[in-house]
**Q** 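After the structure tokens below, expect a handful of questions from me.
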Amino acid sequence: MRMRLLVCITTILLAGTALAQQMCPDPNSCAGCNLPKECCQSNQGGLLVYECATATRPPDFVISDKETGGSIEIDLTAAKGVPASFSVAGLIVTNLIIGNATVAPPPFTIGSSANSARFTTSDGGQCVGVSNFSGLVLPNPIVVAGRALTLSKSNPFFCRSPARDILCFQVKGQVGAPFPSLTNCTPDRVEYACGTVH
């Protein structure tokens, strides 16, 4: 199974590069993609952060799982001079899944948490910048919603609201259209991939 996953991810990355960010017409069956069926199984759900086109701001970004058939849509609006209402410095993350990848376990620790909010969220929360991870090994590449993506430790953020805690990492790879229809945002790219922290 590991060998199939490795072949699958390698195939997706090569296909993604060759097709200049084209995506499978049917991500659940790989119809028309010439990829092994294991590459497009529906268990590759997850949260993506879409950067909104300048003309539709605010919000500046939206976290959503609509590409994988979900209903989450959280607007993020840049916060200037707003003190953070929480800190996750020292938080040990023991369970985090992003797309088809297990980020934790093994557990890792968030070393630093910003004192100012980076975003306010439409579900009554805030997001803060985080850094100085200890024990974090990012699995790369990953697949979220049929998109082959590479996670980066550059500029991550953590969102906390009454409903959930979410950790997001910047991504490269298949970040272009097509995009889901979002209520308050016209996406122009995928900027982050996220997972719910348990």
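This structure is a prediction, so every number in the text was calculated from the model and none was measured.
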**Q** If the plane angle is over 60° it's perpendicular, under 30° parallel, otherwise tilted; pick one for F108 and F133.
**A**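 Taking F133 first and then F108, their aromatic rings stand perpendicular (interplane angle over 60°).
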**Q** Check the pair V171 / V190 against side-chain contact (heavy atoms from CB on, under 4.5 Å), numbers first and verdict last.
**A** CA-CA 8 Å; V171 293; V190 172; 4.0 Å; yes
**Q** Of the non-hydrogen atoms in D65 and I72, which two are nearest, and what is the gap between them?
**A**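 It is OD1-N, 2.8 Å.
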**Q** Are C52 and C185 close enough that their SG atoms are less than 2.5 Å apart?
**A**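 The answer is yes, since C185 and C52 bring their SG atoms under 2.5 Å apart.
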**Q** Any sub-3.5 Å donor-acceptor pair from N140's side-chain atoms to T150's backbone N or O?
**A**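 No: the side chain of N140 does not pair with the backbone of T150.
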**Q** A side-chain contact here means heavy atoms from C-beta on lying under 4.5 Å apart; do L149 and V143 qualify?
**A**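 The answer is no, as the side chains (C-beta and beyond) never meet within the 4.5 Å cut-off.
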**Q** When rounded to the nearest 0.5 angstrom, what is the spacing between SG in C194 and CG in L47?
**A**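 Those atoms lie 6.0 Å apart.
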**Q** Distance from S71 atom OG to K66 atom NZ, nearest 0.5 Å?
**A**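 Between S71 OG and K66 NZ, I get 8.0 Å after rounding to 0.5 Å.
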**Q** Please report the shortest heavy-atom distance between V88 and R160, naming the atom on each side.
**A**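 Shortest heavy-atom separation between V88 and R160 comes out as CG1-NH2, 3.9 Å.
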**Q** If the threshold is 4.0 Å, N to carboxylate O, is there a salt bridge linking K172 and E191?
**A**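 Not counted as a salt bridge, because no side-chain N and carboxylate O are separated by less than 4.0 Å.
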**Q** Do side-chain atoms of Q174 reach the backbone of A148 as a donor and acceptor pair under 3.5 angstrom?
**A**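 Indeed, once roles are kept as given, a pair shorter than 3.5 Å links the two residues.
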**Q** Are the side chains of R57 and E51 in touch, meaning some heavy atoms are under 4.5 Å apart?
**A**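 In contact.
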**Q** Can you find a pair of side-chain heavy atoms, one from I166 and one from I74, that are under 4.5 Å apart?
**A**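 I166 reaches I74 side chain to side chain.
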**Q** Taking the six-membered ring for Trp, are F169 and F157 ring centroids under 6.0 Å apart?
**A**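 Between F169 and F157, the centre distance exceeds or equals 6.0 Å.
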**Q** Enter the distance from L167:CG to L91:CG here, rounded to the nearest 0.5 Å.
**A**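 The CG atom of L167 sits 9.0 Å away from the CG atom of L91.
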**Q** Name all residues meeting the ring-ring contact (aromatic ring centres under 6.0 Å, His included) criterion together with F61; count only those two or more places apart in sequence or in a different chain, and write none if there are none.
**A**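 If we apply the ring-ring contact (aromatic ring centres under 6.0 Å, His included) test to F61, skipping adjacent residues, the hits are F119.
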**Q** Restricting to non-hydrogen atoms, name the atom on G99 and the atom on V144 that form the minimum distance, rounded to 0.1 Å.
**A**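 Result for this residue pair: CA-CG2, 3.6 Å.
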**Q** Within the side chain of T102, is there an N or O that forms a donor-acceptor pair under 3.5 Å with the backbone of I97?
**A**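 No.
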**Q** With rounding to the nearest 0.5 Å, note down the distance linking OG in S64 to CG in L48.
**A**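 Going from the OG atom of S64 to the CG atom of L48 covers 8.0 Å.
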**Q** Any chain of hydrophobic side-chain contacts (each under 4.5 Å) joining V130 to F86?
**A**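 Linked, V130 and F86 end up in one cluster.
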**Q** Short question: side chain of R147, backbone of G176 - any donor-acceptor pair under 3.5 Å?
**A**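 Side chain of R147 to backbone of G176, a donor-acceptor pair under 3.5 Å: yes, one is there.
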**Q** Transitively linked via ILVMFWY side-chain contacts under 4.5 Å: I98 with I110?
**A**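 Same cluster: I98 reaches I110 through Ile, Leu, Val, Met, Phe, Trp or Tyr contacts under 4.5 Å.
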**Q** May I have all residue pairs that pass side-chain hydrogen bond (donor to acceptor under 3.5 Å, both in side chains) and include part of residues 127-136, sequence neighbours excluded?
**A**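 Passing the test, one end in residues 127-136: S112-N132.
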**Q** What is the minimum heavy-atom distance between P187 and P180, and which atoms define it?
**A**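 Taking every non-hydrogen atom into account, CG-O, 4.1 Å.
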**Q** Do E73 and Y50 meet the criterion of a side-chain donor-acceptor pair at a distance under 3.5 Å?
**A**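 No pair is found: no donor N or O on one side chain lies under 3.5 Å from an acceptor on the other.
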**Q** Output the distance between atom OG1 (T54) and atom CG (D188), rounded to the nearest 0.5 Å.
**A**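 T54 OG1 to D188 CG: 7.0 Å, rounded to 0.5 Å.
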**Q** Find out if a path of hydrophobic residues (ILVMFWY) with successive side-chain heavy-atom gaps under 4.5 Å connects L151 to V49.
**A**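 Cluster IDs for L151 and V49 differ.
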**Q** Would you say CG of N115 has more than 12 non-hydrogen atoms from neighbouring residues, nucleotides or ligands within 6.0 angstrom?
**A**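 Count not over threshold, so no.
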**Q** What heavy-atom pair brings P59 and V62 nearest, and what distance separates the two atoms?
**A**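 In terms of heavy atoms, the two residues are closest at CG-CG2, 4.0 Å.
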**Q** Closer than 3.5 angstrom, by distance alone: can the side chain of T109 be matched with the main-chain N or O of G111 as a donor-acceptor pair?
**A**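 No, the answer is negative, given that no donor and acceptor are paired below the 3.5 Å cut-off.
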**Q** Test your reading of the model: is there a side-chain donor-acceptor pair from D60 to the backbone of A78, 3.5 Å cut-off?
**A**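 Yes; at least one donor-acceptor contact below 3.5 Å.
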**Q** Between CG of L76 and CD of Q126, what distance do you get to the nearest 0.5 Å?
**A**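 Reported value, rounded in 0.5 Å steps: 12.0 Å.
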**Q** Taking less than 2.5 Å as the test, are the sulfur gamma atoms of C127 and C159 close enough?
**A**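 Yes - the two cysteines, C127 and C159, have SG atoms within less than 2.5 Å of each other.
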**Q** To check you understand the geometry: which heavy-atom pair defines the closest contact between S161 and D123, and what is its length?
**A**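 The answer is OG-OD2, 2.9 Å.
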**Q** Would you check if L96 and H198 make a side-chain contact, meaning some heavy-atom pair closer than 4.5 Å?
**A**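 No, too far: nothing below the 4.5 Å cut-off.
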